[in-house]
Trainee: 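Below are the structure tokens for one structure; questions will follow.
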Amino acid sequence: VRTTNRNPVEIDLVLDVSVSMAHSIYSYTAATKTTWTASDVNGNTNYYYKYNNQYYEVWTLNNKLYVGYGMELGATYNGTLYTRSDGEAKLDALKTAVNNFIGAVAENSRLYENVEHRISIVKFATNSSQVTDGLLAVEANEATLKSYVNALSADGATRADLGMST
């Protein structure tokens, strides 16, 4: 990142480490079939219906297809259904993104003399806590900051309010 602003910045990273961050990031793939009946979705594969860029599981009752909390598709549905695959855990994606960000900030510090960007890390779930001991100079502490990020684990409820108050 190259900018004409050479003023150092102080960045507080507030990271969600609640148990939901251990869940996978799902990807959805369109099935090749386009005409569906109840017997098509009563197997080992779960199918999903896409509505407003959200995916809802398809289920059956009395030979009719239903979506989500009970929207009926009918005995026959002509359209696309999707299968779901598990991707990486949300926390792993967060760690990758934050480590890349720390690397980019460190590189920016190296590009300009006398610019010492600083980062602190706060994690939140059921509780919140300061991960770093205050703000750390990124260029000198890049590896330390990344090791803190890599040590994060998912547990507890999502209490973003606590993360913002730490």
Trainee: Please identify which of these residues, Tyr55, Trp59, Tyr28, meets the ring-ring contact (aromatic ring centres under 6.0 Å, His included) condition with Tyr48.
Mentor: Tyr28
Trainee: For the CG atom of Leu73 and the CG atom of Leu81, what is their distance to the nearest 0.5 Å?
Mentor: 7.5 Å
Trainee: Can you tell me how far OG1 of Thr132 sits from NZ of Lys123, rounded to the nearest 0.5 angstrom?
Mentor: 11.5 Å
Trainee: Tyr77 and Tyr66: same hydrophobic cluster, using ILVMFWY side-chain contacts below 4.5 Å?
Mentor: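 In one cluster: no.
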Trainee: More than 12 non-hydrogen atoms from neighbouring residues, nucleotides or ligands closer than 6.0 Å to NZ on Lys90, yes or no?
Mentor: yes
Trainee: Would you say Thr37 and Asp40 are linked by a side-chain donor-acceptor pair, where the criterion is simply a distance under 3.5 Å?
Mentor: yes
Trainee: Check the surroundings of atom CG in Asn78: do more than 12 heavy atoms from other residues, nucleotides or ligands lie under 6.0 Å from it?
Mentor: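 Enclosed: over 12 neighbouring heavy atoms sit under 6.0 Å from CG of Asn78.
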Trainee: Can you measure from CG (Asp16) to CG (Leu152) and round to the nearest 0.5 angstrom?
Mentor: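 One gets 10.5 Å once the value is rounded to the nearest 0.5 Å.
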Trainee: Determine whether Val122 and Asp12 satisfy the following criterion, side chain to side chain contact (heavy atoms under 4.5 Å, CB included), listing intermediate values before the conclusion.
Mentor: CA-CA 7 Å; Val122 172; Asp12 293 314; 5.7 Å; no
Trainee: Please say yes or no: joined through hydrophobic side-chain contacts below 4.5 Å, possibly via intermediate residues, are Tyr47 and Tyr56 part of one cluster?
Mentor: yes
Trainee: So does Tyr51 have more than 12 non-hydrogen atoms from other groups sitting under 6.0 Å from OH?
Mentor: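 Check fails, neighbour count at 12 or below.
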Trainee: Working note: Leu136 + Tyr148, criterion side chain to side chain contact (heavy atoms under 4.5 Å, CB included); need CA distance, chi angles, decisive distance, verdict.
Mentor: CA-CA 12 Å; Leu136 299 180; Tyr148 285 139; 4.2 Å; yes
Trainee: If you count the non-hydrogen atoms of other residues, nucleotides and ligands that lie under 6.0 Å from CG in Asn150, is the total more than 12?
Mentor: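 Buried by this count: over 12 neighbours within 6.0 Å.
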Trainee: Would you compute the distance between atom CG of Asn100 and atom CD of Glu107 and round it to the nearest 0.5 angstrom?
Mentor: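 Output value for this atom pair is 13.0 Å.
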